[in-house]
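The structure appears right after this line, and notes come after that.
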Amino acid sequence: MTRYLVAIHHPDGYDPSIAEDEAMSRDIDALNDEMVSAGVRVFVGGLHPASRAMSLTLQADGSVRVADGPYLQTSEHVGGFWVLEAADLGAALAWGRKAAIACRAPVEVRAFH
């Protein structure tokens, strides 16, 4: 089986205490339970806001620069993710559809090498 990243994207300034109500929490919990029951969930994690990220960039002189904030400057960031084992891309996309519904957010599905 192939492992897939199912990443949830949030807009900058996303505040889960405002955006995530009890119904959404129940939907996400139910999806997690379904993934565990199906034996596809390898790992799941929510992330702190992108504003709390640290970026490390290799410099030409071989040193590494550390900076506050996400590496990519965008209006959206990864807010959480699942790592799943799925039979194929179609199965991973089916889980991704469920994640988009439960999280009420855009989702990216990508296979690991």
Side-chain angles (χ1 to χ4, degrees):
M1 285 225 217
T2 302
R3 287 191 175 175
Y4 291 89
L5 173 70
V6 178
I8 307 302
H9 294 268
H10 292 150
D12 282 345
Y14 183 86
D15 184 348
S17 67
I18 296 170
E20 297 178 10
D21 60 10
E22 287 184 37
M24 184 175 171
S25 293
R26 279 193 307 272
D27 290 347
I28 294 169
D29 288 344
L31 177 58
N32 276 306
D33 291 345
E34 185 180 356
M35 288 174 172
V36 169
S37 293
V40 300
R41 195 178 89 179
V42 175
F43 181 83
V44 63
L47 300 172
H48 285 274
S51 62
R52 293 180 57 188
M54 300 294 290
S55 298
L56 292 82
T57 308
L58 179 63
Q59 303 299 295
D61 66 2
S63 65
V64 176
R65 181 176 63 92
V66 179
D68 292 336
Y71 174 69
L72 297 176
Q73 298 300 315
T74 66
S75 62
E76 293 185 335
H77 61 274
V78 176
F81 63 92
W82 288 272
V83 175
L84 306 178
E85 283 188 337
D88 54 34
L89 179 59
L93 289 172
W95 289 111
R97 283 184 191 92
K98 291 179 181 192
I101 291 166
C103 295
R104 293 135 173 97
V107 170
E108 176 184 347
V109 174
R110 193 183 323 178
F112 284 91
H113 288 285

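Just so it is clear, the values below take in all heavy atoms, side chains as well, and ignore hydrogens, waters and symmetry mates. Since this is a predicted model, take the numbers as computed values, not measurements.
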[Y] and [X], any side-chain heavy atoms less than 4.5 Å apart:
| X | Y | value |
| --- | --- | --- |
| F112 | E85 | no |
| E108 | L5 | no |
| V109 | L89 | yes |

Measuring from [X]:[atom1] to [Y]:[atom2], what's the distance to the nearest 0.5 Å?
| X | Y | atom1 | atom2 | answer |
| --- | --- | --- | --- | --- |
| I28 | I101 | CD1 | CD1 | 12.5 Å |
| R3 | F43 | CZ | CZ | 11.5 Å |
| D21 | R26 | CG | CZ | 7.5 Å |
| R65 | T57 | CZ | OG1 | 4.5 Å |
| K98 | M35 | NZ | CE | 8.5 Å |

Heavy-atom closest pair, residues [X] and [Y]:
| X | Y | answer |
| --- | --- | --- |
| A99 | V6 | CB-CG1, 4.0 Å |
| A105 | I8 | CB-CG2, 3.8 Å |
| A86 | A91 | CB-CB, 4.0 Å |

Under 4.5 Å between side-chain heavy atoms, hopping through other hydrophobics if needed: is there a path connecting M24 to I18?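 In one cluster with M24: I18, no.
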
Using the rule that Ile, Leu, Val, Met, Phe, Trp and Tyr join whenever any side-chain heavy atoms are under 4.5 Å apart, tell me whether V44 and L47 fall into a single cluster.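 As far as the 4.5 Å side-chain criterion goes, L47 and V44 are not connected within one cluster.
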
What's the verdict on side chain to side chain contact (heavy atoms under 4.5 Å, CB included) for H9 and V107, showing C-alpha distance, side-chain angles and the deciding distance? CA-CA 6 Å; H9 294 268; V107 170; 5.9 Å; no

Tell me, which pairs form a side chain to side chain donor-acceptor pair (under 3.5 Å) where one or both residues lie in residues 86-97, sequence neighbours left out?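 Sorted pair list comes back empty.
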
Using a 3.5 Å distance criterion without hydrogens, assess whether the side chain of S55 forms a donor-acceptor pair with backbone atoms of G69.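 Side chain of S55 to backbone of G69, a donor-acceptor pair under 3.5 Å: yes, one is there.
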
Kindly check if the number of other-residue, nucleotide or ligand heavy atoms within 6.0 Å of CD (Q59) is above 12?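 Yes - once you tally the heavy atoms of other residues, nucleotides and ligands closer than 6.0 Å, there are more than 12.
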
Between R104 and D27, does any NZ, NE, NH1 or NH2 come within less than 4.0 Å of an OD or OE carboxylate oxygen?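 Salt bridge: yes.
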
Would you be so kind as to tabulate the donor-acceptor pairs closer than 3.5 Å made by side chains of residues 75-83, with sequence neighbours excluded?
{"unit_1": "H77", "atom_1": "ND1", "unit_2": "H10", "atom_2": "O", "d": "3.4"}
{"unit_1": "H77", "atom_1": "ND1", "unit_2": "D12", "atom_2": "OD1", "d": "3.3"}
{"unit_1": "W82", "atom_1": "NE1", "unit_2": "N32", "atom_2": "OD1", "d": "2.8"}

